[in-house]
Amino acid sequence: MKLQGKTAIVTGASSGIGAAIARALRTEGARVAGGARRVHQVETDVALELDVTDPASAERFVAAAVEQLGRVDILDNTAALALGRDPFDDSTETDEEVVLATNVHGLIRMTRLVLPHLRDGGHIVNMGSVAGRAAYPNGSLYVTSKFAVHGFTQALREDLLGRPIRITNVAPGLVETDFSKVRFRGDEAKASAVYADVALGGPVRPEDVAECVLFALTRPANVNVDEIVVTALAQSSGARILRE
């Protein structure tokens with residue numbers, strides 16, 4: 001299964017894991033439509049503004065992406081965020097709405113909009129998290145959202161059984177991106193501390209996650225990689241990280 005000549009839609013393509021996946025797909029010969037709110041940072045064949053929390057924005061993006069790509073072979077749902085590392089009783093309903101609207105409703109919305117355009121032999125990749133496999137303290141909103149992504153991916157696999165469309169959930173652990181800067185609302189010191197002094201070679205890089213996505217996409221057509229969990233060697237769970 002080669003990617004030369006394939007087409008792909010990548011959400012959250014302006015930075016971090018999404019940008020790395022878009023680069024990897026293009027390197028392998030795919031044409032990529034990348035979407036993000038910061039469209040000026042998107043470096044893909046087709047760069048379009050996208051706010052997955054806004055139904056009208058998502059509809060405009062998909063219509064334009066399909067028109068310019070001509071068809072869709074791959075949907076990569078990467079857009080996601082976290083807000084805060086607080087006990088649940090210190091969280092707010094405003095933060096809850098933002099996290100669920102982005103990580104859950106946005107991912108489901110994009111899947112619903114793209115699915116009618118996905119060709120036979122297509123592939124949907126959802127970006128889950130180790131937080132969606134086992135809870136950790138002071139992250140209940142994000143944990144909830146990623147459990148939902150894992151559940152939706154499994155349910156979609158059941159609903160599409162019999163159709164030639166593959167579905168993969170990728171569950172990263174500690175990946176060094178701007179994720180923590182967003183989580184801590186721009187606090188550089190707190191964000192840097194998340195990735196500091198990680199033993200055994202440090203945290204996972206976005207490019208490492210992109211390689212896992214490429215692995216799933218390039219298996220033989222009769223093979224579905226249901227889930228890939230990728231963590232730093234120094235990380236045994238969402239909450240346990242060995243530091244030097």
One thing to verify: whether Arg109 and Glu59 come together as a salt bridge, which I'm taking to mean a side-chain N less than 4.0 angstrom from a carboxylate O. no
Short question: side chain of His150, backbone of Ser129 - any donor-acceptor pair under 3.5 Å? yes
Please determine which of Val204, Thr231, Val130, Val198 meets the side-chain contact (heavy atoms from CB on, under 4.5 Å) test together with Leu174. Val198
Minimal heavy-atom distance between Thr53 and Pro55, with the atoms involved, is O-CD, 3.5 Å
CZ of Arg240: more than 12 outside heavy atoms within 6.0 angstrom? no
Is there a donor-acceptor pair under 3.5 Å between the side chain of Arg219 and the backbone N or O of Phe215? yes
What one should report as the nearest heavy-atom pair of Met110 and Ala58 is SD-CB, 3.8 Å
Could you give the distance from CG (Asp73) to OG1 (Thr7), rounded to the nearest 0.5 Å? 4.0 Å
Under the criterion side chain to side chain contact (heavy atoms under 4.5 Å, CB included), I'd like the reasoning laid out for Leu69 against Val66: C-alpha separation, chi angles, the key distance, then a yes or no. CA-CA 5 Å; Leu69 292 176; Val66 170; over 6 Å; no
If you measure only the distance, is there a donor-acceptor pair under 3.5 Å linking the side chains of Ser180 and Tyr195? yes
Of all heavy-atom pairs between Pro206 and Gly16, which one has the smallest distance, and what is that distance? CB-O, 3.7 Å
Of the non-hydrogen atoms in Val149 and Asn103, which two are nearest, and what is the gap between them? CG2-O, 3.4 Å
Rounded to the nearest 0.5 Å, how far apart are OG1 of Thr11 and CG of Leu107? 7.0 Å
With sequence neighbours excluded, residues passing side chain to side chain donor-acceptor pair (under 3.5 Å) with Asp45: Arg26
Check the pair Glu227 / Arg133 against salt bridge (Lys or Arg N to Asp or Glu O under 4.0 Å), numbers first and verdict last. CA-CA 11 Å; Glu227 183 172 63; Arg133 304 182 78 251; 3.3 Å; yes
Give, for atom CZ of Arg119 and atom NZ of Lys6, the distance between the pair rounded to the nearest 0.5 Å. 6.0 Å
Any chance you could measure Thr153, atom OG1, to Ile124, atom CD1, to the nearest 0.5 Å? 9.0 Å
Between the main-chain N or O of Arg205 and the side-chain N or O of Asp208, is there a donor-acceptor pair closer than 3.5 Å? yes
Does atom CD (Glu43) have a neighbourhood of more than 12 heavy atoms from anything else shown, all under 6.0 Å? no
Looking at Lys146 and Met127, would you say the former's side chain and the latter's main chain have a donor-acceptor pair under 3.5 Å? yes
Trace of the salt bridge (Lys or Arg N to Asp or Glu O under 4.0 Å) decision for Glu49 with Arg37: CA-CA 5 Å; Glu49 186 174 1; Arg37 286 175 294 183; over 6 Å; no
Side chain of Ser57, backbone of Asp51: donor and acceptor closer than 3.5 Å? yes
Rounded to the nearest 0.5 Å, how far apart are CG of Leu156 and CD1 of Ile108? 9.5 Å
To the nearest 0.5 angstrom, please state how far the CG atom of Leu83 sits from the CG atom of Leu81. 5.5 Å
Test item: Arg85 side-chain N/O and Asn138 main-chain N/O as donor-acceptor pair under 3.5 Å: yes
Heavy-atom pair with the smallest gap, counting every atom of Leu160 and Ile165: CD1-CG2, 4.2 Å
Partners meeting ring-ring contact (aromatic ring centres under 6.0 Å, His included) with Tyr142 (sequence neighbours left out): Phe179
Would you indicate whether Arg112, at its atom CZ, is surrounded by more than 12 heavy atoms from other residues, nucleotides or ligands within a distance under 6.0 Å? no
Determine, for Lys2 against Glu28, whether the closest basic-nitrogen to carboxylate-oxygen distance falls under 4.0 angstrom. no
Can Ser91 and Asp86 be counted as having a side-chain donor-acceptor contact under 3.5 angstrom? no
Would Asp178 and Ser15 count as having a side-chain donor-acceptor pair, cut-off 3.5 Å? no
Which heavy atom of Leu25 sits nearest a heavy atom of Ala8, and at what distance? CD1-CB, 3.8 Å
